[in-house]
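This one's a predicted model, so the numbers in the text were calculated from it and none came from an experiment. Quick note on labels: first sequence line is chain A, next is B, and so on, each numbered from 1.
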Amino acid sequence: MAQLSSPTTDAMRRAVGPVVRADDVSLVRGGVWVLDGVTVRLDAGQVALCRGPNGAGKTSLLRVLAGLVRPTAGSVTLAVRQVDLVGHEPALHPDLTLAENLQVVAALTGRDHRDVDAALTHVGLGGAGGRRAARCSTGMRRRAEFARLRLTRPCLLLLDEPAVALDGDARVLVQDAITATVRRGGSVVVATHAPGPLADLATARWTVRDGSVTT
Amino acid sequence: MTADVMALLRTELRVERRTGGTLLVLAPYAVAALALVAITTGADLPLLRRLSPGLLWAVVVVLGVLTTMRQGYAEDPTRRDLLHLLGMRPEAVWIARVLAAATLVAALEVVLTVAAVVLLDLAVGDPLLHAAAVPVTALGLAALGVLARDLADGARSGVALVPLVVVPLAVPLALAPVQARAVAEAGGSGWTWIALAALVTTVTVGVGIAAAANLQEVAS
């Protein structure tokens with residue numbers, strides 16, 4: 001798989017400036033230092049592969065970068081507004097159908113039901129839009145998360161163990177989402193234990209251990 | 001912001017229509033509670049008439065706050081995070097949650113009023129006063145319940161904190177319509193009591209909106 005960057009384009013991207021930057025960020029939760037003095041920067045078009053053992057702070061880092069959690073110390077600067085995070089739990093209401101769940105997103109992003117249908121079709125759920133999320137398999141719910149990215153079109157995409165529950169065919173969706181974000185000039189952070197083919201897309205590597213990040 | 005609130009409100013009501021958590025589950029229990037009182041007082045209609053306004057609003061308060069504990073769209077931290085990422089302000093999310101709960105509580109109040117008239121021989125009194133009490137108390141109870149739930153989500157003490165917040169503010173909301181009716185029946189103006197309920201509602205909604213961003217972060 002071809003890398004999405006080259007030394008020349010990397011230099012250009014750095015000239016444009018970071019999509020997201022964390023400066024000396026620390027996060028305390030329940031008296032525990034979840035993140036400790038983290039400084040990272042992600043430029044337009046970059047894909048960062050974030051690795052580390054369970055409980056190292058990967059998910060917390062993604063949530064801080066997304067602006068969902070205010071750091072205890074330090075600062076996070078987001079240069080873009082369209083941010084999306086695909087986390088461990090799908091953001092779907094179990095009693096709504098897959099289409100209805102995506103219609104919430106469509107309504108808040110100025111899109112309509114045709115975009116929802118197209119997004120579901122794109123991820124192979126064209127015939128399952130009317131099915132309640134509670135009655136879908138974990139893999140189908142995961143696919144629906146990737147359908148959402150067709151609606152939100154993020155400039156900063158944060159993926160937390162994105163390949164979990166996806167079968168071989170569906171794993172292409174992860175790569176598609178990353179490639180599409182980079183082509184839009186956005187950036188991606190992928191937190192995973194098993195990067196597999198995603199490692200080839202990475203232009204930066206972060207290692208998280210005990211709340212600290214080495215780049 | 002209004003469009004965002006309306007979009008989320010529609011979603012919350014769609015969830016309720018799908019699950020029927022309030023009107024199909026809570027309302028029958030509430031009606032059963034009123035029927036039980038009617039049965040236990042036997043044929044003592046004067047006693048029933050005296051008790052009925054207080055009973056009605058006591059049941060409304062208990063079940064009204066319970067209504068806000070349902071599993072709505074924006075009650076889950078993951079979905080609330082999504083709303084945040086979609087650019088929806090915490091204040092807008094909070095308002096939509098309260099409006100959705102208030103709609104359900106108001107519907108519950110209407111159902112229970114009809115049940116109280118039939119089962120407890122409730123005399124509604126001034127219909128305008130009662131009609132005003134329904135939305136004011138529904139909004140107040142909804143705001144109170146959502147606020148209490150947010151505090152409970154973020155607090156280490158969990159749901160144990162809820163009664164401490166709910167009870168002091170729920171009392172005037174339950175008392176106001178009962179007293180308004182009693183005062184009006186005695187020839188006075190019951191609107192002062194409705195104004196008190198409106199004041200409590202306004203303060204609760206104001207506190208909730210002001211604290212929405214912090215509450216959302218604490219809960220996440």
Give, as side chain, backbone, both or neither, the part of [X] having an atom under 4.5 angstrom from any heavy atom of chain B.
X        : value
A:Leu151 : neither
A:Glu100 : both
A:Pro90  : backbone

Please classify the contact of B:Leu86 with chain A as side chain, backbone, both or neither, using a heavy-atom distance under 4.5 Å.
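It is both, since atoms from each part get that close.
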Tell me, for B:Asp76 versus chain A, whether the close heavy atoms (under 4.5 Å) come from the side chain, the backbone, both or neither.
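Contact with chain A involves no heavy atom of B:Asp76 at all.
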Would you say B:Asp121 has more than 12 foreign heavy atoms packed within less than 6.0 Å of its CG?
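Above 12, so yes.
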Does A:Arg184, at its CZ atom, have more than 12 non-hydrogen atoms belonging to other residues, nucleotides or ligands within less than 6.0 Å?
yes
Hey, are the side chains of A:Arg148 and B:Leu82 touching, using non-hydrogen atoms and a 4.5 Å cut-off?
yes
So which heavy atom on [X] is nearest to which on [Y], and how close?
X       : Y        : value
B:Gln71 : A:His93  : O-NE2, 2.9 Å
A:Arg70 : B:Asn214 : NH2-OD1, 3.7 Å
B:His84 : A:Gly67  : NE2-O, 3.3 Å

Begin from the C-alpha positions of A:Asp95 and B:Arg14 and carry the test salt bridge (Lys or Arg N to Asp or Glu O under 4.0 Å) through to its verdict.
CA-CA 9 Å; A:Asp95 291 313; B:Arg14 177 179 282 172; over 6 Å; no
Counting heavy-atom pairs under 4.5 Å with chain A, which one of B:Leu85, B:Leu83, B:Thr11 comes out on top?
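Highest number of heavy-atom pairs under 4.5 Å: B:Leu85.
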So which of A:Asn101, A:Leu92, A:Asp84 has the largest heavy-atom pair count under 4.5 angstrom toward chain B?
A:Leu92
Steps toward side-chain contact (heavy atoms from CB on, under 4.5 Å) verdict (B:Asp81, A:Arg63):
CA-CA 9 Å; B:Asp81 283 349; A:Arg63 290 176 58 75; 2.6 Å; yes
Rounded to the nearest 0.5 Å, what separation is found between the CZ atom of B:Arg18 and the CZ atom of A:Arg132?
5.0 Å
Are any side-chain N or O atoms of A:Arg81 and backbone N or O atoms of B:Gly87, one a donor and one an acceptor, separated by less than 3.5 Å?
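Checking the backbone N and O of B:Gly87 against the side chain of A:Arg81, no donor-acceptor pair under 3.5 Å is found.
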